[in-house]
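Remember, it's 1-based here, ligands and their atoms both numbered in the order they're listed.
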Amino acid sequence: MLSFSQLVCCLCLLFFVVFSKAEPDFSLLNISVDTERLVEDLKILGQFSDGDYPGITRLLYSKEDKAARRYLIALFEQSGLSVSWDPVGNIFARWEGSDPTAPAVGSGSHFDTLLNAGLYDGTLGVLGALEAIRSLKKAGFQPKRSIEIVAFTSEEVSRFGVGCVGSRYMVGSLSVEELMKLKDSEGVDFDSARKFCGYTEELGSSTTSDDRYSAFVELHIEQYHILEDKGIPIGLVTDIAAPALYTVEWKGPGGHAGSVPLNERQDPFLAASEFALSLEQLILKDPTNSRATIGRVEVYPGSAGAIPRSVRLSVDIRDINEESRTKLKEQAMEKAASIAQKRKVKMDISHNYSYPPAKMDPKVIAVMEDSCRKYNLTFLKMISRPFHDSLFMATKFPTGMIFIPCKEGKSHVPDEYASPEDILRGVEVLAETLARLSYL
Ligand SMILES: *[C@@H]1O[C@H](CO)[C@@H](O)[C@H](O)[C@H]1NC(C)=O
Ligand SMILES: *[C@@H]1O[C@H](CO)[C@@H](O)[C@H](O)[C@H]1NC(C)=O
Ligand SMILES: *[C@@H]1O[C@H](CO)[C@@H](O)[C@H](O)[C@H]1NC(C)=O
Ligand SMILES: [Zn+2]
């Protein structure tokens with residue numbers, strides 16, 4: 001027989017076991033985002049710039065980048081987060097959960113810019129994650145898994161000609177040897193620049209473990225105008241397209257522009273031109289998700305009075321499907337070979353790089369959908385054609401991306417703009433998503 005007090009104890013224990021593990025009732029979580037404060041933070045961050053106002057220029061490890069880092073760290077600390085960084089300057093700001101040893105929920109983006117760029121690209125995902133945490137704290141929410149902001153070092157392909165430096169370093173897709181070889185256009189090497197910015201510890205491989213994050217979420221502006229055209233406030237990314245870059249070089253004997261008749265020439269520029277147009281035709285004939293771009297053309301010797309002797313083209317091919325991307329590349333290269341043969345020029349292809357496209361995690365997407373429903377927000381599942389740090393985070397961690405509209409789809413320009421209403425909705429969905437993921 002149990003005494004009354006023993007019975008009460010048992011009931012209490014039962015209650016504890018059943019309810020302490022239960023997740024909070026998320027329908028009661030009342031998040032109110034302070035959009036004004038967030039927009040103010042974005043504008044202050046935008047002042048760390050070496051460009052013509054209103055364009056923003058903040059290149060990796062520049063003095064503006066260094067100052068921006070100091071500002072971000074101060075903001076994170078003011079919000080009670082514990083801040084740390086790694087040797088390439090990825091900054092982490094952690095809100096410890098009730099289960100601090102469990103893999104954390106990560107959220108963030110980059111805060112570097114291209115030359116004369118905009119206020120929101122990347123920075124929205126960093127400061128938006130901070131505002132999400134501030135609003136969850138204000139709502140009295142207690143996370144189970146820790147929630148950690150990641151402010152990535154240099155996502156843009158700018159100073160050192162390599163993109164996603166921080167995220168690639170974290171997941172082991174960019175080695176220390178590769179980093180050590182990088183130089184900027186003035187001959188400054190990566191390691192010296194890094195040290196100038198205050199990261200003086202030895203540059204070893206990343207120590208990010210495979211279970212550091214149970215999920216990673218990046219909030220970003222869409223950088224195109226699909227959401228704006230459809231009047232939909234939230235995009236949930238399903239796939240991120242990834243690029244492969246090739247260099248195609250054409251060579252001929254050259255010759256005098258006046259004497260050699262056209263039908264006797266072996267002109268590498270004409271061969272390259274025919275190739276460029278045939279690449280366009282390949283895609284137009286069979287419209288897929290692929291994109292191909294010849295963005296750089298070098299003609300040698302580049303004299304107006306001489307037939308060119310060599311032409312080098314960069315060929316960037318992107319897709320969300322690696323097989324389609326490879327197939328397009330093979331078709332293009334067959335075409336290149338037949339054009340070379342017909343025009344009697346030599347042709348060489350070299351491969352610069354290719355990254356695998358990424359699929360966003362269905363479970364993370366499902367949580368985002370529930371979060372949108374709670375705020376009565378319509379959403380569109382969509383592809384991200386630009387790549388982001390999430391392309392690389394997804395190689396190790398279940399990842400998702402939230403897009404918000406940006407005016408006329410403009411990005412990487414000074415008049416890049418996202419409205420406070422759209423920012424509010426994006427951060428609401430982000431905050432709700434992070435809260436829910438911390439209990440999954
Ligand atoms: C949610 O919070 C806001 C501001 O913090 C408050 O005005 C509102 O009444 C709250 N709503 C509910 C349902 O608790
Ligand atoms: C790609 O490779 C070619 C040939 O090795 C090189 O000349 C070119 O600079 C590389 N391009 C990029 C963007 O790395
Ligand atoms: C969403 O819509 C429902 C039903 O119309 C309403 O009860 C609820 O308050 C709305 N929620 C928000 C956050 O607007
Ligand atoms: Zn970006």
Side-chain angles (χ1 to χ4, degrees), residues 26-33 42 45 56 58 60 108-114 117-129 135 139 150-158 160-167 174 178 181-183 185 218-224 233-234 237 240 243-251 293-298 300 310-317 347-355 370-378 384-393 401-404 406 409-413 416 418 421 424-425 428-429 431-432:
F26 284 104
S27 69
L28 300 177
L29 176 61
N30 180 12
I31 294 169
S32 77
V33 172
L42 282 163
L45 183 56
I56 294 166
R58 191 166 49 246
L60 177 60
S109 192
H110 62 100
F111 58 100
D112 66 316
T113 72
L114 291 169
L119 191 62
Y120 303 88
D121 175 8
T123 53
L124 175 71
V126 176
L127 292 172
S135 61
V150 191
F152 290 107
T153 273
S154 195
E155 184 260 3
E156 304 290 3
V157 182
S158 55
F160 293 97
V162 178
C164 294
V165 171
S167 48
L174 188 58
E178 286 171 283
K181 277 189 223 145
L182 299 177
K183 281 193 168 47
S185 59
E218 180 171 7
L219 171 67
H220 206 282
I221 55 170
E222 183 199 339
Q223 305 185 290
Y224 198 53
I234 297 286
V237 175
I240 306 178
L245 184 70
Y246 300 89
T247 301
V248 186
E249 188 163 15
W250 310 79
K251 282 188 178 149
T293 306
I294 294 174
R296 189 181 167 111
V297 180
E298 295 162 87
Y300 180 83
S310 86
V311 174
R312 208 185 242 195
L313 305 179
S314 67
V315 182
D316 173 298
I317 305 180
M347 190 267 310
D348 267 314
I349 301 162
S350 53
H351 174 227
N352 288 83
Y353 55 74
S354 32
Y355 302 117
D370 287 343
S371 303
C372 288
R373 286 190 195 103
K374 174 167 163 186
Y375 295 95
N376 296 335
L377 297 172
T378 50
S384 173
R385 295 192 176 280
F387 62 83
H388 303 281
D389 291 304
S390 285
L391 177 66
F392 294 98
M393 291 305 272
M401 287 193 80
I402 300 165
F403 276 177
I404 63 164
C406 56
K410 286 184 192 167
S411 183
H412 288 176
V413 291
E416 184 179 86
E421 298 73 38
L424 167 69
R425 292 158 170 159
E428 267 175 359
V429 174
E432 183 79 26

protein heavy-atom neighbour closest to atom 3 (C) of ligand 2 works out as Thr247 OG1, 3.5 Å
For ligand 2, which atoms have a heavy atom of Ser350 less than 4.0 angstrom away? 4 (C)
Interatomic distance, Arg296 atom CZ to Leu245 atom CG [nearest 0.5 angstrom]: 10.5 Å
Around atom OH of Tyr224, are there more than 12 heavy atoms from other residues, nucleotides or ligands closer than 6.0 Å? no
Is any N, O or S atom of Glu155 under 2.8 Å away from the Zn ion (ligand 4)? no
Could you check whether any side-chain heavy atom of Glu249 comes within less than 4.5 Å of a side-chain heavy atom of Val311, counting everything from C-beta outward? no
Is atom 9 (O) of ligand 2 close to the protein, meaning a heavy atom under 4.0 Å from it? no
Numbered atoms and elements of ligand 2 in range of Leu245, under 4.0 angstrom, heavy atoms: 13 (C)
Would you say Ser384's side chain and Pro386's backbone share a donor-acceptor pair under 3.5 angstrom? yes
Distance alone, cut at 3.5 Å: any donor-acceptor contact between the side chains of Asp389 and Ser109? no
Flag His388 as yes if one of its N/O/S atoms falls below 2.8 Å of the Zn ion (ligand 4), otherwise no. no
Looking only at protein heavy atoms, identify the closest one to atom 2 (O) of ligand 3 and say how far it is in Å. Asn376 ND2, 2.3 Å
closest protein heavy atom to atom 13 (C) of ligand 3 is Lys374 O, 3.7 Å
Restricting to N, O or S atoms of His220, which is nearest to the Zn ion (ligand 4)? NE2
Contact check, Arg312 vs ligand 2, heavy-atom distance below 4.0 Å: yes
Evaluate side-chain hydrogen bond (donor to acceptor under 3.5 Å, both in side chains) for Asp112 paired with Thr153, printing each intermediate quantity in order. CA-CA 7 Å; Asp112 66 316; Thr153 273; over 6 Å; no
Does Lys410 come within less than 4.0 Å of Glu416, counting only side-chain N to carboxylate O? no
Atom 14 (O) of ligand 2: nearest protein contact (heavy atom, Å): Asn352 ND2, 3.3 Å
Tell me the angle that OD1 of Asp121 and NE2 of His110 form around the Zn ion (ligand 4), rounded to 10°. 90°
Do Glu432 and Ser371 have side-chain N/O donor and acceptor atoms under 3.5 Å apart? no
Are there protein heavy-atom neighbours of atom 5 (O) of ligand 3 below 4.0 Å? no
Hey, would you say the Phe152 and Phe111 ring centroids sit under 6.0 Å apart? no
